[in-house]
Amino acid sequence: MSYDFKKIEYKWQKFWKKNQTFKTSNYSKLPKYYILDMFPYPSGAGLHVGHPLGYIASDIIARYKRHKSFNVLHPQGYDSFGLPAEQYAIQTGQHPQITTEANIEKYREQLDKMGFSFDWSREIRTSKSDYYRWTQWIFLKLFDSYYDTNEDKALPVSILISHFEKGGTQNLKVISNSKILEFSALEWNSFKPQQKEEILLNYRLAYLSETEVNWCSKLGTVLANDEIVNGVSERGGFLVEKKKMTQWSMRIGAYAERLIRGLEKIDWPDSLKEMQRNWIGKSKGASLRFKIKDISDEIEVFTTRPDTLFGVTFMTLAPEHEKVLKITSKTQYNSVKSYIKSTSKRSEIDRMSDVKIISGVFTGAYAIHPLNGEEIPIWIGDYVLAGYGTGAVMSVPCGDQRDYDFAKHFGITINNIFLDIDISDNAFTEKSGFQLMNSEFLNGLNYDQAIEKVISFIERKGYGKGKINYRLRDAVFSRQRYWGEPIPIYYKNGTPMAIEEENLPLELPEVENYLPTSKGSPPLGNAKNWAWDTAEKKVVSNKLINNKSIFPLELNTMPGWAGSSWYFYRYMDPDNNESFVGKEAVDYWQDVDLYLGGSEHATGHLLYSRFWQKFLFDLELLPVDEYAKKLINQGMILGSSAFIHRKSGTNDYYSKNILSKFNSELIRVDVSMVNSFDELDCKAIKNWQPQFNNANFIMENGKFIVTREVEKMSKSKYNVVNPDQICEAYGADTLRMYEMFLGPLEQAKPWNTSGISGVHSFLKKLWRLYHPSGSFNVTEKEPRKNSLKSLHQTIKNITDDINNFSFNTCISSFMICVNELTIQKCNERKILEPLSVLLSPFAPHISEELWSLLGNNSSIVREDYPLYDEYYLIESIKNYPISFNGKMRFTIELALNLSIKDIEEVVLNDDRTVQQLSGQVPKKVIIIPGKIVNVVY
RNA sequence: GCCUUGGUGGCGGAAUUGGUAGACGCGCUGGAUUCAAAAUCCAGUUCUUUCGAGAGUGUGGGUUCGAUUCCCACCCAAGGUACCA
């Protein structure tokens with residue numbers, strides 16, 4: 001009987017399902033192990049070969065841990081709110097729920113074929129109301145909390161109110177919006193309720209504020225940077241501009257310091273921690289106020305280099321800075337206006353990317369240098385970003401390269417304040433190795449001395465103060481979308497009020513149209529009968545009553561990251577109706593032991609979820625303030641996109657190598673129409689999209705060759721490869737092993753199907769070894785020494801490699817082992833039994849089949865089998881001959897300046913025979929069998 | 001631009017602490033088996049070569065007896081860049 005993977009895989013998948021093999025209990029005497037995958041967004045393109053990479057890796061670990069007697073929680077679910085389903089709804093009118101459910105069904109079918117050991121009884125979907133009810137509940141907790149810097153934690157707003165009632169804003173140590181009123185207890189108590197609510201909004205962790213957004217007036221909606229291409233909307237190609245809007249924000253900035261400190265105690269990749277640290281961007285410096293000439297106003301700047309204060313020769317404001325138009329002189333007004341207009345069309349990325357294009361405009365206004373009283377010109381430049389610091393910088397051309405380039409470009413004065421340092425070509429940006437000059441009382445000082453002196457000076461004089469600044473901005477939480485969690489807020493005379501907990505969920509209403517309303521309200525404004533009871537028993541509604549909308553509901557929805565910021569706790573207790581997670585469940589599972597996901601989430605999901613964790617920890621709702629002990633970034637499997645060249649202005653397409661000098665555009669084509677030699681199927685493409693119906697394809701040597709480019713796999717890039725065909729042709733075990741064999745787990749790699757036959761023939765070889773003449777055949781004889789050696793070498797290698805997550809080298813070890821066993825014609829039970837256990841995390845179906853052919857009961861927890869840790873010491877290593885080949889001798893002689901005769905004794909590095917060399921220096925040579933490793937002095 | 005990661009044969013990749021570069025797999029070449037094919041098995045496969053040898057881990061330097069590995073500068077690619085998920 002040949003290796004019939006279809007039959008075997010169908011058989012065991014059915015068996016596991018019927019026996020609920022992977023159902024996990026919240027109660028067990030075994031130690032717990034929670035292994036989590038980042039849950040997928042169910043996209044219309046189905047699961048692509050990149051998704052399973054992480055799931056296979058986590059499944060290997062989950063199955064391995066079960067063998068090692070852990071109670072393993074390995075759940076899966078769907079991040080099912082999101083933009084693509086909504087855009088599909090806009091195009092077709094199909095409700096996103098229907099789209100999403102169809103996609104989920106497809107995902108599940110694909111996942112089931114791969115033999116994952118997920119506990120599907122715990123499945124969650126962020127778009128189901130019994131899930132998002134709790135997302136809304138957490139929002140309300142955030143709305144009802146403020147950040148107390150004395151206790152360094154979030155506290156209920158009721159405590160803040162009682163503080164106001166007793167002492168007003170006096171001795172208040174909290175984090176709040178920048179512009180806040182100061183008031184006494186007496187004043188507070190005299191405020192009207194609405195006034196009080198407005199004040200409290202400045203302190204809440206979920207608060208309303210003015211934020212800048214990408215506004216497309218033609219679409220009547222806000223766009224993500226992702227949806228903008230070259231300054232116009234991807235959908236429709238309409239103009240996009242920056243606009244201020246009142247939006248919900250999350251005060252993640254309050255947690256900046258704790259988010260940095262928390263990184264120290266979690267085992268996450270250093271590169272990812274570094275990314276988060278840089279994203280939070282803590283910098284020490286000073287904030288300074290500059291008075292403006294002839295106008296009674298001042299501008300605050302933040303600088304990390306207050307030591308260079310005497311090198312300031314101008315000031316630069318972001319074009320969006322609120323005081324720009326106020327200070328601009330009459331003569332400069334028009335040029336400033338037009339500059340602001342032109343920069344409002346550029347995205348932040350564009351502005352940061354083209355630093356070579358220097359642009360700016362003079363406002364006509366002057367600031368007064370606080371220390372020497374000099375008048376310094378105020379410019380606007382788009383290299384200054386409104387969102388960072390105060391949106392204004394004191395420009396020190398001698399000490400900052402961007403200031404330097406700007407000054408050179410516009411002919412602004414550059415004053416050198418660094419003694420004996422040449423700045424004729426570039427700014428001097430080092431923080432050490434200089435002495436200041438031309439800096440009055442700072443002359444002769446170095447960086448550290450000057451910083452200290454200048455900060456104490458400006459603080460004494462009241463010009464400013466030392467300050468720690470974070471680059472991290474508060475997270476905007478409003479989305480003008482339909483397919484997201486409704487924000488459980490209604491408005492009473494314009495003031496946001498919380499919907500009571502017991503009235504959650506606030507269900508997403510039906511709408512006829514998924515676009516914004518004609519008046520520019522978010523899509524939820526289209527809902528006709530959307531109403532809610534509050535505790536006051538008054539109807540809250542966006543329905544017009546007597547032509548007036550009383551108590552309208554919030555029409556914005558939550559962003560995609562809301563539902564994914566706490567989902568890992570819901571898996572512990574997915575059916576709980578009383579709480580977002582039950583106390584018993586969370587006491588048992590505590591946190592995630594291993595989290596697998598892509599590094600593309602480093603500064604998004606992985607930061608927001610840590611923020612919510614810390615918040616829920618502050619409220620004593622969770623036992624730990626970091627939810628994942630260890631995290632591994634699996635590298636993305638990239639797609640290999642295909643492009644064809646169209647001659648500009650024609651419908652002629654040219655094969656890759658026959659392009660002449662004419663202008664051409666690159667057009668994406670679907671990779672399914674391209675074979676592995678990069679040849680395009682010209683017949684298929686004509687039926688693919690209407691634009692190709694009458695296209696001419698100019699071939700080379702009878703073939704049409706495409707241009708390839710490696711990039712992220714996505715439906716819109718037409719480079720998605722589905723795992724289904726591979727499962728169909730080779731089976732799940734082959735796919736699982738091949739994805740692991742492709743390369744190191746943590747490294748990004750382009751998908752390439754061509755190597756898969758090697759892994760497949762390994763499985764066939766293994767099968768054939770125990771089916772020598774068609775039927776299953778093992779002997780009960782004692783294995784030969786050679787076979788044992790192969791087995792135990794493999795056990796050792798696999799165990800080490802699993803623990804290091806080096807699954808690719810695991811597969812190599814299996815291949816070597818089976819090759820050796822084949823040569824030895826080994827078919828002893830005592831070899832096959834441990835081998836099938838060893839293989840089961842990687843290729844579970846074939847392993848189960850062989851295991852049961854041996855007459856064993858199928859069982860996932862094979863505790864009874866002494867493996868992994870208890871491999872035999874490989875006999876031959878004990879007596880491994882230490883061979884001095886020519887090179888080794890040469891190296892030792894050179895290194896020790898000895899002749900080989902002088903070396904009396906040698907050491908094995910496992911300390912079994914510690915020996916010494918003659919002579920005093922060096923003391924020993926450490927050798928592992930066969931090669932010299934190190935010389936210890 | 002900035003932050004993070006990576007760059008080794010025709011291809012994916014291996015190389016533990018700085019110590020024989022290219023494990024394992026794909027592909028390719030030759031052979032066995034076969035009427036033939038598929039499948040399977042065996043051998044070879046970094047490049048150059050005057051067959052002595054020489055070169056070689058993105059490029060250029062440096063440290064070292066010795067560098068894929070450590071240091072400096074640069075080039076290229078991927079991910080992120082705050083409303084894609």
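Quick note on labels: first sequence line is chain A, next is B, and so on, each numbered from 1. All values below come from the heavy atoms of this structure, side chains included, with hydrogens, waters and symmetry mates left out.
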Could you work out which one of B/rA85, B/rC24, B/rA78 sits closest to the side chain of A/Leu638? B/rA78
Should the pair A/Arg668-A/Glu711 be classified as a salt bridge under the 4.0 Å nitrogen-to-oxygen rule? yes
To the side chain of A/Ser761, which of B/rC84, B/rC26, B/rA23 is closest? B/rC26
So, are A/Glu554 and A/Arg479 salt-bridged, with charged N and O less than 4.0 Å apart? no
Would you tell me whether A/Trp215 and A/Ser217 have side-chain atoms, one donor and one acceptor, within less than 3.5 Å of each other? no
Side-chain N or O of A/Arg768 versus OP1/OP2 of B/rC41: is the shortest distance under 4.0 Å? yes
Between B/rC84 and B/rA39 - C1' atom distance, rounded Å: 47 Å
How would you label the glycosidic angle of B/rG9: syn (within 90° of 0) or anti? syn
Among the nucleotides B/rA85, B/rC26, B/rU4, which one has an atom lying closest to any side-chain atom of A/Ser757? B/rC26
Rounding to the closest angstrom, what is the interatomic distance between B/rG56 and B/rU68 at atom P? 10 Å
P gap between B/rG30 and B/rA77, integer Å: 38 Å
A/Phe807 and A/Phe805 aromatic ring geometry - parallel, tilted or perpendicular at 30°/60° bounds: perpendicular
Using the P atom on both, measure B/rG10 against B/rG58 and round to a whole Å. 13 Å
Given B/rG25, B/rA85, B/rA82, which nucleotide is nearest the side-chain atoms of A/Arg473? B/rA82
Can you tell me which nucleotide in B/rC41, B/rC84, B/rC24 comes closest to the side chain of A/Ser812? B/rC24
Would you indicate which nucleotide in B/rA82, B/rG13, B/rG79 comes nearest to any side-chain atom of A/Lys712? B/rG79
